[in-house]
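What follows is a single structure, written as structure tokens, with notes after it.
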Amino acid sequence: MFTQIHDLVYHGGGGFKHEEVYNMPTWMRNFHIAKINEHLEKQNNEIKKYKGEPVEKNKIHRPNISPSSTFNF
């Protein structure tokens, strides 16, 4: 909850006060955070297009972990 409050106040472009976000219903906080995330993704994709980098769409990042041992039961 406090991370959401911080993110909305900090990344909300000055549109939110701490007290408003603290008293905001959870569904509304989630809505605003989703909209900010959409905006930032679009912004990052535009920057990548401008730089000529490939744009990754909805790519799932998985950990790069390989087992170091096997178990024999």
Side-chain angles (χ1 to χ4, degrees):
M1 177 173 111
F2 292 109
T3 301
Q4 287 181 336
I5 293 171
H6 170 269
D7 290 347
L8 281 177
V9 173
Y10 185 79
H11 299 290
F16 296 106
K17 294 180 184 176
H18 181 272
E19 298 82 25
E20 294 173 338
V21 178
Y22 185 81
N23 295 318
M24 187 181 288
T26 304
W27 66 268
M28 192 178 290
R29 276 199 312 263
N30 291 334
F31 171 79
H32 287 296
I33 288 174
K35 287 298 182 181
I36 290 172
N37 285 338
E38 286 176 19
H39 171 73
L40 292 175
E41 284 180 23
K42 288 179 186 177
Q43 191 176 35
N44 288 338
N45 287 340
E46 290 297 319
I47 291 170
K48 285 182 179 183
K49 283 181 193 176
Y50 178 76
K51 289 183 175 181
E53 297 175 6
V55 177
E56 299 171 358
K57 215 173 205 180
N58 297 330
K59 183 178 178 183
I60 298 174
H61 296 282
R62 302 191 190 284
N64 187 13
I65 300 173
S66 58
S68 60
S69 63
T70 56
F71 295 100
N72 295 324
F73 293 100

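One-based numbering along the sequence shown. All values below come from the heavy atoms of this structure, side chains included, with hydrogens, waters and symmetry mates left out.
- For Lys51, the side-chain contact (heavy atoms from CB on, under 4.5 Å) test picks out Ile47, Glu53, with sequence neighbours left out.
- Applying the side chain to side chain donor-acceptor pair (under 3.5 Å) rule to Asn44 yields no partners; only residues at least two apart in sequence or on another chain are considered.
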With a cut-off of 3.5 Å and sequence neighbours excluded, list every side-chain donor-acceptor pair involving residues 13-21.
from	atom 1	to	atom 2	distance (Å)
Glu20	OE1	Lys17	N	3.2

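- By the criterion of side-chain heavy atoms lying less than 4.5 angstrom apart, applied directly or through intervening Ile, Leu, Val, Met, Phe, Trp or Tyr residues, Met24 is not grouped with Phe31; the two fall into different hydrophobic clusters.
- Listed by first and then second residue, the salt bridge (Lys or Arg N to Asp or Glu O under 4.0 Å) pairs involving residues 25-39 are Lys35-Glu38 (not counting sequence neighbours).
- For Phe2, the side-chain contact (heavy atoms from CB on, under 4.5 Å) test picks out Ile5, Tyr22, with sequence neighbours left out.
- Contacts of Asn37 classified as side-chain contact (heavy atoms from CB on, under 4.5 Å), with partners at least two apart in sequence or in another chain: Ile33.
- Placement of Leu40 and Tyr50 in two distinct hydrophobic clusters is found when ILVMFWY residues are connected by side-chain heavy-atom separations under 4.5 Å, directly or transitively.
- In this structure, the ring-ring contact (aromatic ring centres under 6.0 Å, His included) partners of Tyr10, at least two apart in sequence or on a different chain, are His6.
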